[in-house]
2 protein chains.
Amino acid sequence: MAKVLKTKDKILNAAERLFAEQGFEHTSLRQITSIADVNLASVNYHFGSKKALIQAVMERYHAAFMPALDAGLVALQAQGFNTTEDVLNCFVEPLLNLDRLNPNGTSIYLSLLGHAYSEIQGHLRRFTMHHFGHVIQRVLACIQQANPQLSAATIFWRLHFTLGATVFVQVSGQALSEIAEADFDERADAKDIISKLIPFLAAGIAAPVNGNPDLSSTLAQG
Amino acid sequence: MAKVLKTKDKILNAAERLFAEQGFEHTSLRQITSIADVNLASVNYHFGSKKALIQAVMERYHAAFMPALDAGLVALQAQGFNTTEDVLNCFVEPLLNLDRLNPNGTSIYLSLLGHAYSEIQGHLRRFTMHHFGHVIQRVLACIQQANPQLSAATIFWRLHFTLGATVFVQVSGQALSEIAEADFDERADAKDIISKLIPFLAAGIAAPVNGNPDLSSTLAQG
DNA sequence: GCCAAATTAAAACAGGTGTTTAATTTAAAC
DNA sequence: GTTTAAATTAAACACCTGTTTTAATTTGGC
């Protein structure tokens, strides 16, 4: 008995797919309502505006991901000692479990995050920080615990490098995966990419601040 | 004697600034021509289309950056042995020298690159690969030389992680720099960000493939 | 079945986009 | 100085965007 979806859910499903594929700005309401097979005006009726629809799409995933991540981080903090990879590992299961929302849930969520940051979606950043800022703070604390030698500023920058690397490969994921398949006979889904990311990111976050002193002088001259 | 700029150059200067700040799609021709103080139609007269204008803007920077990078890589290859940081270091001077084109040249170029990849600008990717694909190939070869234990596929993915981290912090550069200043009293320009990036990226690229075997099993269960 | 509320539908709205046209001005060549 | 080409201008074009309006329809409670 295939459940008959209400208009509101048909819109959300079509929107999350298109947003993940094309970004928020490049997806029009007419495209969404056409694929969802509903009337154009129903978006504004049910959600009020496109901006509110974007937030509703993100909220379904945030609500599934953020509490799970937070619980993992709390458990990690309780055990007293941890490594950078331990912290990153806390992200894996909550991310992979997003497949329960949607068969492509993991890559959809990461793509949405990527578009939220790379497009000018200031309202999305504020929305995320307002609702889940405490989770972000806990991530920072865990990384600090794992790397007591790093300053807060260094951790701040390195976590944004981490975010950048992650969302970039997810947003470009399909294209990159096709290249990788053609060149290396190695197709990569969201899970594969995550497993490739973690050693890279863990080493980067935990790296000594001045890996090679020669470089600093080169930069100083420049 | 302040040189009087021709219309074509006034357009290029206004366009590169707005493109770097707002991205390509969010910058309208009317915005460009208004700031450049030229007529709207002159863009299509001098460049043919907005797409061609975008490529012209990129080409000024590519032409200054790519040959310089390539020369540095060739010199590195000639000396037989190199490290990952050596390779990354080849990017620094060519990037910083872009300030000769424009006081903010370095961050403009990296922002343009970021927008070129994060927006759906397929024509820009093709344009870059067509003109400078051999430079990209040389980067791959140098990284392979510095890390003989890594497979070509691993290098492929890690260089895209690298690109992602780099362009993300540049595109979000201004916002991030403001946060960093507020939280850590530490303002960061393009050069500062590069110096923070290099230890992170070098450690990530050269990281062992299975940093912590426990993680692989967690991923395998997922 | 009836009525009121919720929902859907078609159409128009107001504003923005890149591009093109045709007329005018500027600049250079002879 | 005249002529010819290049460059600039203002206006319109065709299309797309999110949103609103008004009317028709469906739904749920009594």
Side-chain angles (χ1 to χ4, degrees), chain A residues 1 3-59 112 115-116 118-124 126-127, chain B residues 1 3-59 112 115-116 118-124 126-127:
Chain A
M1 47 170 280
K3 190 169 152 198
V4 176
L5 293 179
K6 301 274 184 184
T7 297
K8 201 166 173 175
D9 287 316
K10 291 204 284 184
I11 294 174
L12 281 172
N13 290 341
E16 78 174 29
R17 200 190 97 199
L18 291 170
F19 285 158
E21 287 173 2
Q22 312 176 335
F24 302 108
E25 317 260 358
H26 290 92
T27 302
S28 72
L29 294 184
R30 283 167 180 80
Q31 221 181 338
I32 293 170
T33 54
S34 163
I35 285 190
D37 197 35
V38 301
N39 186 272
L40 168 63
S42 58
V43 170
N44 284 282
Y45 176 78
H46 284 286
F47 296 95
S49 68
K50 184 182 181 181
K51 190 186 284 190
L53 170 62
I54 293 174
Q55 293 184 359
V57 167
M58 287 300 295
E59 191 160 26
L112 292 175
H115 288 297
S118 55
E119 297 178 24
I120 304 181
Q121 294 286 350
H123 70 98
L124 264 184
R126 272 177 265 118
F127 176 81
Chain B
M1 47 169 281
K3 188 170 151 197
V4 175
L5 292 179
K6 301 272 184 184
T7 298
K8 201 166 173 176
D9 287 316
K10 292 205 282 185
I11 294 174
L12 282 172
N13 290 341
E16 79 174 29
R17 199 190 96 198
L18 291 170
F19 285 158
E21 287 174 2
Q22 311 176 334
F24 303 108
E25 316 260 358
H26 290 92
T27 302
S28 72
L29 294 185
R30 282 167 180 81
Q31 220 182 338
I32 294 171
T33 54
S34 164
I35 284 190
D37 197 34
V38 301
N39 186 272
L40 168 63
S42 57
V43 171
N44 285 280
Y45 176 77
H46 284 287
F47 296 95
S49 67
K50 182 181 181 181
K51 191 186 286 191
L53 171 62
I54 292 175
Q55 292 183 359
V57 167
M58 286 301 294
E59 190 159 27
L112 293 175
H115 288 297
S118 55
E119 297 178 23
I120 304 182
Q121 293 286 351
H123 71 99
L124 263 183
R126 273 176 264 117
F127 176 80

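Proteins come first, then strands; the chains are lettered A, B, ... in the order of their sequence lines, and each starts at number 1.
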TODO: Report yes or no: is the cationic atom of Lys8(A) (NZ for Lys, CZ for Arg) closer than 6.0 Å to the six-membered ring centre of Phe47(A), at no more than 45° off its axis?
DONE: yes
Taking [atom1] from [X] and [atom2] from [N], how many angstroms apart are they, rounded to a whole number?
X	N	atom1	atom2	value
Asp9(B)	dT8(D)	CG	P	11 Å
Lys8(B)	dA27(C)	NZ	P	18 Å
His46(B)	dT19(C)	NE2	P	15 Å
Gln22(B)	dT17(C)	CD	P	11 Å

Rounded to the nearest 0.5 Å, what separates atom [atom1] in [X] from atom [atom2] in [Y]?
X	Y	atom1	atom2	answer
Phe24(B)	Lys51(B)	CZ	NZ	13.0 Å
Asn39(A)	Tyr45(A)	CG	OH	12.5 Å
Leu40(A)	Arg30(A)	CG	CZ	5.0 Å
Ile35(A)	Leu18(A)	CD1	CG	4.0 Å
Glu16(B)	Glu21(B)	CD	CD	10.5 Å

TODO: Encode nucleotides 9-20 of chain D as B, S and - characters from 5' to 3', where the letter depends on protein heavy atoms closer than 4.0 Å: B to the base, S only to sugar-phosphate, - to neither.
DONE: BB------BBBB
Task: Shortest non-hydrogen separation from Glu25(B) to His26(A) and the atoms involved - done: CD-NE2, 3.1 Å
Task: Test log, rule side-chain contact (heavy atoms from CB on, under 4.5 Å), inputs Leu29(B) and Asn44(B) - done: CA-CA 10 Å; Leu29(B) 294 185; Asn44(B) 285 280; 4.1 Å; yes
Grab the N/O contacts between the protein and nucleotides 26-29 of chain D below 3.5 Å, and write none if there aren't any.
none

